[in-house]
Amino acid sequence: MMHRHEILAIGNARLRRLATYASIGVALALIVSKLGAYLMTDSVAMLSSLLDSTIDLLSALVTAFGVANALRPPDRQHRFGHGKAEPLAALAQAAFIVGSSVLLGYEAINRIVHPHDIQHEAIGYWIMGFAIVLTLGLIKFQHLVIKRTSSIAIGADRLHYMGDLMINVAVIGAFALHQWTGILWFDPVFAIIVAASLSGMALHIARHALDVLMDKELPESDREKIRAIVKSHPDVRGLHDMRTRSDSDRVFVELHVEMDGDKPLTKAHEISEGIVAMLRKEYPNADVLVHQDPLGHFEDRLDEQIARREAV
């Protein structure tokens, strides 16, 4: 019989795969429609949107690869699992975004120096409206998946598509201002603004991915919650040297629990299993390691080592 956290893991895996497939499908649909619109309008703002959708497809493929690898169970060479494949995929997405921003900025500056008139604005309005509706639907679905699974790669993909939404609105704005004023530089200026925004987005994605890859501790609010849960066990007399980290949707917790020294080994083991069960009620996908210490036992604790280094 499967445990609750195993059932949840299966459902979460299906959601994450479905989200990657949806992202690939949306990117393909937008590339085809925007390519036709760019060829008809010759708008650099439309080009920026087309370029970003092309990067979306590459990112979606990388995300699908990263999620598929992250979902693989632990094996002999990877006993902690493959969860860090997701932040690696997120880093690749950040690199794609930076590359597209540089190319877009170059093309926009070139268009300022050599301005071109926009053609067939009506086509641009229709395509951008279609892109906005499709992107909004995908973002909503990704939000639900992230809320359920905490997937880093899908979170990065969602952030990228939110940037797409901003680009699509910017393209409509560029078309409208050009149509109303006849001024040609609105189009490339909007593209430069989008390129700068995409670069900021890439920085945010990369920072989050690096935090996971570098085993950054969980937020202090989570650490306090874990401490409170452990201390609520009636046989726990104290705890120390707690270490936490996460990969994609899993949380890893290691801690030393202090209990009465006269407890038999079987009882100490039962207490540890009880602590693990309590933590998994709050963190269903938690991987918990409990080290048992007799109360009053002396050791050079990690907490004290860190405190000494910080005091220097």
Side-chain angles (χ1 to χ4, degrees), residues 11-35 37 45-46 48-68 70-71 86-87 89-98 100-101 104 124-175 190-191 193-209 212 248-249:
N12 289 349
R14 289 173 180 168
L15 274 176
R16 287 155 73 182
R17 287 194 182 97
L18 186 57
T20 62
Y21 301 153
S23 180
I24 292 171
V26 168
L28 283 171
L30 293 180
I31 286 172
V32 172
S33 59
K34 290 177 182 179
L35 177 60
M46 180 63 76
S48 73
S49 189
L50 170 61
L51 181 60
D52 192 63
S53 291
T54 305
I55 298 301
D56 283 346
L57 178 59
L58 294 174
S59 297
L61 292 172
V62 170
T63 298
F65 178 77
V67 168
L71 292 174
E86 282 207 27
L91 273 183
Q93 286 194 46
F96 286 145
I97 294 171
V98 169
S100 67
S101 299
L104 177 57
Y125 286 131
W126 278 105
I127 294 301
M128 287 299 96
F130 169 72
I132 287 172
V133 171
L134 204 59
T135 304
L136 276 173
L138 178 62
I139 288 173
K140 178 64 176 177
F141 177 59
Q142 288 176 325
H143 174 74
L144 295 175
V145 174
I146 295 164
K147 189 175 180 180
R148 172 80 176 268
T149 67
S150 302
S151 169
I152 294 172
I154 294 173
D157 203 36
R158 177 177 177 267
L159 193 61
H160 195 180
Y161 273 104
M162 289 177 69
D164 288 357
L165 196 61
M166 178 181 63
I167 291 173
N168 296 334
V169 173
V171 172
I172 290 177
F175 282 178
F190 271 64
I193 293 172
V194 167
S197 299
L198 287 173
S199 297
M201 186 189 314
L203 180 62
H204 177 83
I205 293 171
R207 184 183 297 118
H208 184 43
V212 176
S248 52
D249 63 338

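V98 and A202 get closest at one heavy-atom pair: CG2-CB, 3.6 Å. Closest approach of A92 and V62 over heavy atoms only: CB-CG1, 3.8 Å. The two residues E86 and I154 come nearest to each other via the heavy atoms OE1-N, 4.4 Å. Among all heavy-atom pairs drawn from A27 and Y161, the shortest one is CB-OH, 3.4 Å. Heavy atoms only, all atoms of each residue included: R158 and Q142 are closest at CA-OE1, 3.1 Å.
Atom CG of L91 is separated from atom NE2 of H208 by 11.0 Å, given to the nearest 0.5 angstrom. Taken from CZ in R16 to OH in Y21, the straight-line distance is 12.5 Å, to the nearest 0.5 Å. Rounded to the nearest 0.5 angstrom, R148 CZ and H143 NE2 are separated by 14.0 Å.
Residues satisfying the side-chain contact (heavy atoms from CB on, under 4.5 Å) criterion with T54, sequence neighbours excluded, are I31, L50.
Between T20 and F65, every side-chain heavy-atom pair lies at or beyond the 4.5 Å cut-off. The closest side-chain heavy-atom distance from L28 to I24 is below 4.5 Å.
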Let me check something: any side-chain donor-acceptor pairs from residues 131-141 under 3.5 Å, sequence neighbours excluded? List them with distances.
from, atom 1, to, atom 2, distance (Å)
T135, OG1, A131, O, 2.7

